[in-house]
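One structure is given here, and the rest of the page talks about it.
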Amino acid sequence: MVKQVRAVVMSGNGTNCEREVANACRLAGAEVVEIIHVAELLSGRARLDDYHLLNLAGGFLDGDDLGSAKAGANRLTHAAVKDSEETLSDQLQRFIADGKLVMGVCNGFQLMTKMGLLPALGGDYHTQSATLTFNDGGRFEDRWCYLKVDQDSPCVFTRGLRGLYLPVRHGEGKFVVENDTVLQQIEAQHLAVVKYCDAEYRLPAMDYPLNPNGSMAAIAGVCDETGRLFGLMPHPEAYLHRTHHPRWTREPDLPEEGMGLWLYDNAIKYIREQLL
Amino acid sequence: MAWRIVVGLKDKVRDARGERVRREIREHLGIELQAVRTMDVYTVDAQLSDAEVAAAAAGPFSDPIIQDYVINQPLAHDFDVLIEVGFRPGVTDNVGRTAREAIQYQTGRLFAGGEGVYTSVQYLLCGEISLADAERIARDFLANGLIQRWEIVPRSAFDAVKGIPATVPRVTSSAAPEIRAVDLEVSDEQLMAISRQGMLALSLEEMKAIQFFYRQDNVIASRKAIGLGAMPTDAELEALAQTWSEHCKHKIFSARIEYEDERGEQEVINSLFKSYIVQVTADVRKARGKDDICLSVFKDNAGVIKFNDDWSLVYKVETHNSPSALDPYGGALTGIVGVNRDPFGTGMGARLIFNTDVFCFASPFYDQPLPPRLLHPRRIFEGVVEGVEHGGNKSGIPTVNGSIVFDERFAGKPLVYCGTGAIMPRVLNGQPGHEKKARVGDRIVMAGGRIGKDGIHGATFSSEELHEGSPVTAVQIGDPITQKRMFDFLMIARDRGLYNAITDNGAGGLSSSVGEMSEDTGGFEMHLDRAPLKYSGLQPWEILISEAQERMTLAVPPEKLDAFATLAAEMGVEVTDLGQFTDSGYFHCLYNGATATYLPMEFIHEGVPQMVIPARWTPPVLQEPDLSQPLDMDATLRHMLSRLDICSKESVVRRYDHEVQAGTVIKPLVGVANDGPSDAAVVRPLFDSFEGVVVAHGICPGYSDIDTYHMMANAIDEGLRNYVAVGGNIEHVAGLDNFCWCDPVVSEKTPDGAYKAAQLVRANQALYDYCLAFGVPLISGKDSMKNDYMVGDTKISIPPTVLFSVIGKIEDLRKSVTMDAKSSGDLVYLLGRTRDELGGSEYYAMHGEIGRNVPLVDAASALQRYRSVNAAQAEGLLASCHDLSDGGLAVALAETAFAGGLGMEIDLGKLSADEDMRADRLLFSESASRLLVTIKPTDRERFEALFNGQDAACIGRVTGEKFLKITGLYGEILVRSSLEDLKEAWQNPLREM
């Protein structure tokens, strides 16, 4: 049988970006890409075990009514999969233990953080140690941001990358940690994969608008210690093609392929090399 | 018992929401506070154990990293005054709904009927404020008394041990459902009293038509046969009032209008809608022949045009003015999620790909006393923007195009236009996607939310002016997530062919949706007692006409009902079988087996008497003002750039997600710093094609004070001009007309009705003339005809306003053009002729004048120009292209320059213009159909060849200096402004909104 990279995008209850995330996975070369509604997973007809890359897409799970992704995290934790003893969270933990990849964007990052999947220091994937809360400006904002990539990060998604230019579109994107120790460990282990920065990708930015939400240490995205779980507030699936760039009509030298696609390329490459 | 869970941020965590509230209290009310902190309160009223409540508090309700919580204890400390704001009973509480679901997931048990979670927010105010100030803060800023209640607790009265006791805003009603008969055999005065007191908004003539109907022997006999008395039931009267409302029936647009023009010539117009709107579309389609792009016009919830061989485009624009006047947040939120359902419920259903928003407000800086019941324009601005933000963003639909127009008269009623575009397969399960038909025997199935008292009388309420007794129930709060779940489900049901027809529940609720769908079969039988309710105590007539949101009605074949219901249950969507479509000829509703309505379909749909409206056009006596030429043109230009209609709306645009779905190729903000004002949006709806959807609009109510004919002509031209500017194909475009008028029917309240009706006629005449001339079919539209405020002696009427929205196509979106100057050395051309047309302009308005010389649109030359622009775009000759509108040439030059971060040198002497025009007139004239373009010098010959014989003057060049320089007719320096100064003037006014 031909070896296939299988990617899944979980949808439903307020996810909004599932179609473009699926498109990103396809463009990056995944042979099987499926958008699976959470109801399908809860019915037992679809299982996370059948995939290598789990995408948790942007949106407003349950309207973010109890705080971003809070109600969504609660559902995954407690809702039982039909005719089985497990919850979706159990499937997810097995997915992680199997060495597979998870990427959460925006609401997906909020979901991962609030479930304790990120930064998951010491390999503890159950205890929340950081959060994403209201932007310092107190408002939702759509704005393109420069991101400096930590090249020493274990993150498999950003291998070989130096900087990214992507849009943020959120009201609750301020990254906050439980205490200084958590931040020190994140920094020491290079888990703060992407940081808001200046237009030359040189220095992390603490001031608005370069840092659009007041995130601690300018952190825009983090990974776990294995580098296989990655979450970020900016939207890589929003920059897959030259015409997504806000200035494509005045920058004729932009490459056809958008920067966001690089993250998916890396993920698929890793799966091909390590998991197939 | 009820528990109160209070969740607050830990002491060291910054409270961004509180800081924003503090800032806004200062800006809105001028009250300075030291600090504001906020807390969330969940009142849980359900059969749960203490441990289960504690688990909810510790789990989904709070974030351990930044928040603390307490149960049945106070968390508030170190404040001066506490204000707690919660919803009134029965008001949609989205957070409460999600909280309930979260507990259900945790416990694995469903809540019983009557159990619930209710949310409120505590604001802890620090500072020296009186109780009177606190009352003002609660009433005029934090809460809206129509839907919310509040409690003010000064620190001295706060119980530090128990906190605030739990109150449960449960709806309690002991009224038993009944079907009441209404006696119409009464005097005319009493008939009108029945209409007024029942919020029926029916005229005496209409009431008498109903009275007459019930007197007929055959009607009495047929009613007797099914056990009904001769008198109408309350549900019948309500159903008639909804169906016959101005909102649903468009009585003014269907009226017989007796029009007399300024020369005394008389004309009878039998329906403006049929004579102009439907007619021009028919004429354009006929003229286009095989190039006709229309697929479905005027008959469905939205219009449908071709996109390519496989896909069609769907577009609808709605207004939600009256609800937004009462509750700006809820009104606008409901406006956007409501209009989402229109394209979704068109044909067999369509996938939503973009939203548009256009608002008309009074100045947020208005500082005069406000008449009673009106909210401050700033509050309306803030509430509406937030409502559309939540509605659009949470639904995952990018907001790609819009504008905000200001006029003091919009204090009486704000206009809130919300549009939604969608895409559907040309063919679905072997049938055209844009067609649908309910069949006899199909089940009537309601999907989505439950029914409550919210939105009762929305249709009739919006058919009247805003007055003292405007009902509270008209206000609704949308729930984007319930709707999103429903849409996710229905898209799958559509593709599996599980239903025959679909429509949305909007104005008039089930009465309208089932009433309209049953026209396919000729009748229906619906059991109102089967409808799922939010709480008990609703009367049958309330169930029938409630406008509770997030509901669609479907015709499901009986053999597919099981599959439909199973899929719904799995996806967490409630669906209910309410009855069936029949060919009985009757609008038949029952409640527990008893007939609640039994109306012939013909009477309910066709029985409304045609209105007769007199219209007399007497042109207003106006003259051109005598203004002296400004001495400091730089300062004048800055003032113009700072005018509310012209200045940057970036603070609003950024609050909308304008690129979710990854299709927004030309975004609302463009240019070197991503902050220039785009003319139109280009959306790529299909990942495997570079064909683009182009969306734009025109709106210019300022010209209505001179002549609504030219207001309409200019709105059409502006919409098309914006559309063409980015690359929209002028041969593949359709229009949507949304009329917002003040009451045009002569009455005691409206003595100038004949003039307003004549304004309406003239706008329609222009709509016909210009759509025909441009070859643009109309595919959908809407009218909102009672945009007046009347309390006591104070009447405010909005200026007649038409939003002309356009949708069309660009074959290759990689050829789209933005408005920002691109390179130093490029040549600057002005396309079109500049005339002495400053009537109704921003320049005159700045001087407090109206003037007389309104811009006249020459469609023939404009069309030729737009075709040439398209040709230039196809050849890649345009570096930038920007439309000239409010503020004319000077504003367009400044915007093009600072958006590109490049200077310009312009010579006014090169303009193609009327003779003897003074420099300020050349700079600020708003002559129509003009575009400012820049091109590479090497493209000059090819470009000029395309515009041979047209007004296309090279007026200067782009420079690397950061200055806009304009020389006058005598070579003098008129303007020499730095880009930084111009941009600051343009960005400053609404930056902090």
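Each chain gets a letter, A, B and so on, in the order its sequence line appears, and its residues count up from 1. Below, each value reflects all heavy atoms present in this structure, side chains not excepted, and no hydrogens, waters or symmetry copies.
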Of all the heavy-atom pairs spanning A:Arg250 and B:Asp820, show the shortest one and how long it is.
-> NH1-OD2, 2.6 Å
Identify the two heavy atoms, one from A:Asp142 and one from B:Glu659, that lie closest to each other, and give their separation to 0.1 Å.
-> OD1-OE2, 2.6 Å
Return yes if some donor-acceptor pair links the side-chain N/O of [X] with the main-chain N/O of [Y] below 3.5 Å, else return no.
X        : Y        : result
B:Arg654 : A:Glu141 : no
A:Trp144 : B:Asn674 : no
B:Arg14  : A:Gly214 : no
A:Asn74  : B:Pro60  : no
B:Lys394 : A:Leu61  : no
B:Lys484 : A:Phe60  : no

Interatomic spacing from [atom1] in [X] to [atom2] in [Y] - rounded to 0.5 Å:
X        : Y        : atom1 : atom2 : answer
A:Phe140 : B:Asp657 : CZ    : CG    : 4.5 Å
A:Glu256 : B:Arg814 : CD    : CZ    : 7.0 Å
B:Leu878 : A:Thr249 : CG    : OG1   : 12.0 Å
B:His390 : A:Asp64  : NE2   : CG    : 10.0 Å
B:Ser395 : A:Asn16  : OG    : CG    : 7.5 Å
A:His170 : B:Asn393 : NE2   : CG    : 12.0 Å

Assess whether a salt bridge exists between [X] and [Y], defined as any Lys/Arg side-chain N lying under 4.0 Å from an Asp/Glu carboxylate O.
X        : Y        : answer
A:Arg26  : B:Asp688 : no
B:Glu24  : A:Arg139 : yes
B:Asp63  : A:Lys70  : no
A:Glu172 : B:Arg17  : no

Are side-chain heavy atoms of [X] and [Y] found at a separation under 4.5 Å?
X        : Y        : value
A:Phe134 : B:Asp15  : no
A:Val176 : B:Val13  : no
B:Val665 : A:Trp248 : yes

Side chain to side chain contact (heavy atoms under 4.5 Å, CB included) evaluation trace for B:Tyr105 with A:Thr77 | CA-CA 9 Å; B:Tyr105 278 122; A:Thr77 306; over 6 Å; no
Chain B heavy atoms under 4.5 Å from [X]: which part of the residue, side chain, backbone, both or neither?
X        : value
A:His37  : side chain
A:Ala24  : neither
A:Val177 : backbone
A:Ala79  : both

Picking from [options], which has the most non-hydrogen pairs under 4.5 angstrom with chain B?
options                                : result
A:Glu18, A:Arg247, A:Glu178            : A:Arg247
A:Asp65, A:Thr15, A:Asp62              : A:Asp65
A:Ala238, A:Gly14, A:Gly58             : A:Gly14
A:Val182, A:Val21, A:Asn23, A:Leu27    : A:Asn23
A:His235, A:Glu237, A:Glu40, A:His241  : A:His241
A:Glu251, A:Lys174, A:Arg242, A:Gln128 : A:Gln128

Step through the shown structure and confirm whether more than 12 heavy atoms of other residues, nucleotides or ligands are within 6.0 Å of CG on A:Asn179.
-> yes
Counting heavy atoms not belonging to A:Lys82, are there more than 12 under 6.0 Å from its NZ?
-> no
For chain A, which of [options] has the most heavy-atom pairs under 4.5 Å?
options                               : result
B:Asn94, B:Asp488, B:Thr664, B:Val672 : B:Val672
B:Ile65, B:Ile481, B:Ile492, B:Thr98  : B:Ile65
B:Glu570, B:Arg655, B:Arg485          : B:Arg655
B:Val670, B:Leu813, B:Val817          : B:Leu813

Residue part contacting chain A, namely of [X], when any heavy atom lies under 4.5 Å:
X        : value
B:Glu389 : side chain
B:Ala879 : neither
B:Tyr656 : backbone
B:Thr482 : neither
B:Ala899 : backbone

